[in-house]
Protein chains: 4
Amino acid sequence: MPKLGMQPIRKEALVKATIVEIGRAGSLDVTVAQIARRAGMSTALAHHYFGGKEAIFLAAMRHILSIYGAEVRGALAVAKTPEARLDAIILASFSAANFRREVISAWLNFYVLARTVPGAQQLLSVYQRRLHSNLLAALRPIAGAKAVPLAHAMGALIDGVYLRAVLRDGPPDGQAAIEMLRRYVAAELEGRPE
Amino acid sequence: MPKLGMQPIRKEALVKATIVEIGRAGSLDVTVAQIARRAGMSTALAHHYFGGKEAIFLAAMRHILSIYGAEVRGALAVAKTPEARLDAIILASFSAANFRREVISAWLNFYVLARTVPGAQQLLSVYQRRLHSNLLAALRPIAGAKAVPLAHAMGALIDGVYLRAVLRDGPPDGQAAIEMLRRYVAAELEGRPE
Amino acid sequence: MPKLGMQPIRKEALVKATIVEIGRAGSLDVTVAQIARRAGMSTALAHHYFGGKEAIFLAAMRHILSIYGAEVRGALAVAKTPEARLDAIILASFSAANFRREVISAWLNFYVLARTVPGAQQLLSVYQRRLHSNLLAALRPIAGAKAVPLAHAMGALIDGVYLRAVLRDGPPDGQAAIEMLRRYVAAELEGRPE
Amino acid sequence: MPKLGMQPIRKEALVKATIVEIGRAGSLDVTVAQIARRAGMSTALAHHYFGGKEAIFLAAMRHILSIYGAEVRGALAVAKTPEARLDAIILASFSAANFRREVISAWLNFYVLARTVPGAQQLLSVYQRRLHSNLLAALRPIAGAKAVPLAHAMGALIDGVYLRAVLRDGPPDGQAAIEMLRRYVAAELEGRPE
DNA sequence: AATGAATGAGGATTCATTCAT
DNA sequence: GATGAATGAATCCTCATTCAT
């Protein structure tokens, strides 16, 4: 018996199923049938709601990025000093919600997706730009002229840590990642102030 | 006009074609037919020489890793001081031969491959371990207790720079990458020694 | 115009088409495409319903064996004496429904299939055991100690007649086969009673 | 270093390899490459000597049939009485040389081949006719009018025993087969003479 | 005599997508 | 809203066969 207002529920189920399946498969080689089955519906319905596989992937990507964005935003809101702001970004990047096996796996694969699908590339660019500007805003007061290169390096380092976490067998170690980032920032800031 | 001793020639052609095609496609969604066509032979011959698609991918991966390994080894051989050794690794990582669009793209996709194919995972692990031990050997004399975490961070940073280079449109900027790494090392080494 | 409840209809069509095609080809070298075409559907649908070629073959085999089994069961039900029972088995074995060109051809090829596919071997074993026990039950009261070897021989003779029918050009002669079996039984039973 | 007069040696090796491979595979799904490898040569050479796969199969079939024929001929030559002649045929049919796993498997598959390849059909017909006339010649003096149907039944029974031997797991039991045939003949001859 | 090289043809299987119900 | 039915278009892989050496 079909109910009204199922659309958002179905869509969310599909998005979550997509992330799980990409995590499980370790690649984008995931069939719509797998996603739909895990979401508890037919493939036809999945198509009905999203129009196509690519749109499903994009929605999953948007979901992950928006969760990450929300977490960062929330943490920044309560941080008072530049140092606290910087740390908030680091902590959000490796929080339990984001630095999870499936999410990391999906993340890596979205980098791949971005090479093919313009929409994905755009989403990833937006995320990178936002991260960069957040980092920059926090760094500017405390790093001076170093702020720009430092922000670039931190972005790359975060991504690198994600990338490496994909390969490891056990659960990802967020704490170690956080320490690595903190240590990096500390080292760069400790040096001659300019 | 069949000649003798074609096997190595054909295999190499296929490996190179594979890297090019993965670079072009931006993903592992590359058909054997595409690879074979670019290598100038039939798909049947590609299968004949490698036995299957996976083996072709693995050979391509091994090729890239071995070139990188050779370059590092060569640079380390002539470097006399620890500092020179460290710089040699950095330079090799972003040399014109390795830090090329196609190679970077292939690199990213090999990370994905490693999630599925055990052989690929192993190859990547070997590469990471070797890089780590090279970094460590160079850092130990000059970074003391910091050597281990620093080597980890450098490895992650290198991978992160690769990952980010994938997304950018233009040609990858090896020089900027080198400077980013050098700057980080300098900052860490400058700080209080323990 | 897709309707509901097509699964059993499609499956049956595929099973029948399989038997016809094996009969036509004279071997198991029958493509799924041929079977699907004759059954009036795409190969994809055939795979969808059966999961693979082997499963289609097994279903066809099961179909033939079950028809034969049903016919024997039906005939045994109305036979009152051991002699009538024995004759019922013979008649069913060479009835118009079973002793047809295509069915015989399929039969032979299922023997071949049984050499490769465990499921097929099992099906054939079941058929042989059931035939044997039916024969034995009918023979025991009238053949005494001879019953066991006689049942074996009759089974072999029936199979042999099938085998030879495969080679002949014209339509198989069920009547002649029945007479051969009857004569064989008569000869064995006439001999000294023990 | 190619030698002269290799042709018959190579051909025989291929024929034997073919029988072994058909026995191993349990079907005609045997590649020329497998046959050639087992025979210790390249596929190109196999083609060179036989011209094609079909010709290889036919040669293998001819080989088996001719061995069987030779054995029967030899046994008939020394048999003095009709009874002895009959027994000679039975014995030859289930001799250790013929009633072997691989040979039986090949035999079955030649029945399949005969449905497709005219040459195979002809070979099999020749064998059947020869067996029939041998049986008839032996039976005529001792079975009178029964000779013809008895010869037919014996032929079918022999084939049936072969067919059933294919399915059994263990080694084929020639002795049991011989007894089955002898028992049948005895029963028919014992009965009232007309 | 012998073989490595090479390929065209074909075959099983998968999958995103569409459509009628 | 929801789904079973259905397929066209790939894709990987195999294999008999040919050819130049």
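Quick note: numbers below take in every heavy atom, side chains included, and nothing from hydrogens, waters or symmetry partners. Order of the sequence lines fixes the chain letters, A, B, ..., with proteins taken first and strands second; residue numbering starts at 1 for each chain.
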- Distance test, side-chain N/O of D/Arg10 to OP1/OP2 of E/dA2, below 4.0 Å: yes

- Task: Could you tell me the separation between the CD atom of A/Gln7 and the C1' atom of F/dG1, rounded to a whole number of Å?
- Result: 10 Å

- Looking only at side-chain N and O atoms, does B/Tyr49 come under 4.0 Å of OP1 or OP2 in E/dA5? yes

- Query: Which listed nucleotide (E/dT3, E/dT7, F/dA2) is nearest to the side chain of B/Met41?
  - Reply: E/dT7

- Query: If you take all heavy atoms of A/Leu113 and A/Met61, which pair is closest and at what distance?
  - Reply: CD2-SD, 4.4 Å

- At what distance, to the nearest 0.5 angstrom, does CD of D/Gln7 lie from NZ of D/Lys11? 5.0 Å

- Note on the structure: Protein-proximity profile, nucleotides 11-16 of chain F, B/S/- by nucleotide at the 4.0 Å heavy-atom cutoff, equals SSBBBS

- Item | Proximity to the side chain of D/Leu45 - top-ranked nucleotide from F/dA2, E/dA2, E/dA5 | E/dA2

- Message: Only Watson-Crick and G-U wobble pairs with both distances less than 3.5 Å should count. Give DNA chain F in dot-bracket notation, marking inter-strand partners with |.
- Response: .||||||||||||||||||||

- Which side-chain hydrogen bond (donor to acceptor under 3.5 Å, both in side chains) pairs, counting each pair once, include a residue from residues 104-116 of chain B, with sequence neighbours left out? A/Ser105-B/Arg115, A/Arg115-B/Ser105, B/Tyr111-B/Gln128, B/Tyr111-B/Asp159

- Query: In whole angstroms, how far is the C1' atom of F/dA6 from the CE atom of C/Met6?
  - Reply: 10 Å

- Item | Exercise: identify the closest heavy-atom pair between A/Gly52 and A/His47 | CA-CD2, 3.9 Å

- Message: From NZ of C/Lys11 over to C1' of F/dG4, roughly how many Å is that when rounded to an integer?
- Response: 15 Å

- Item | Interatomic distance where CZ belongs to C/Arg37 and P belongs to E/dG10 [whole Å] | 12 Å

- Task: Indicate the atoms forming the closest heavy-atom contact of A/Val32 with A/Ala46, along with that distance.
- Result: CG1-CB, 4.2 Å

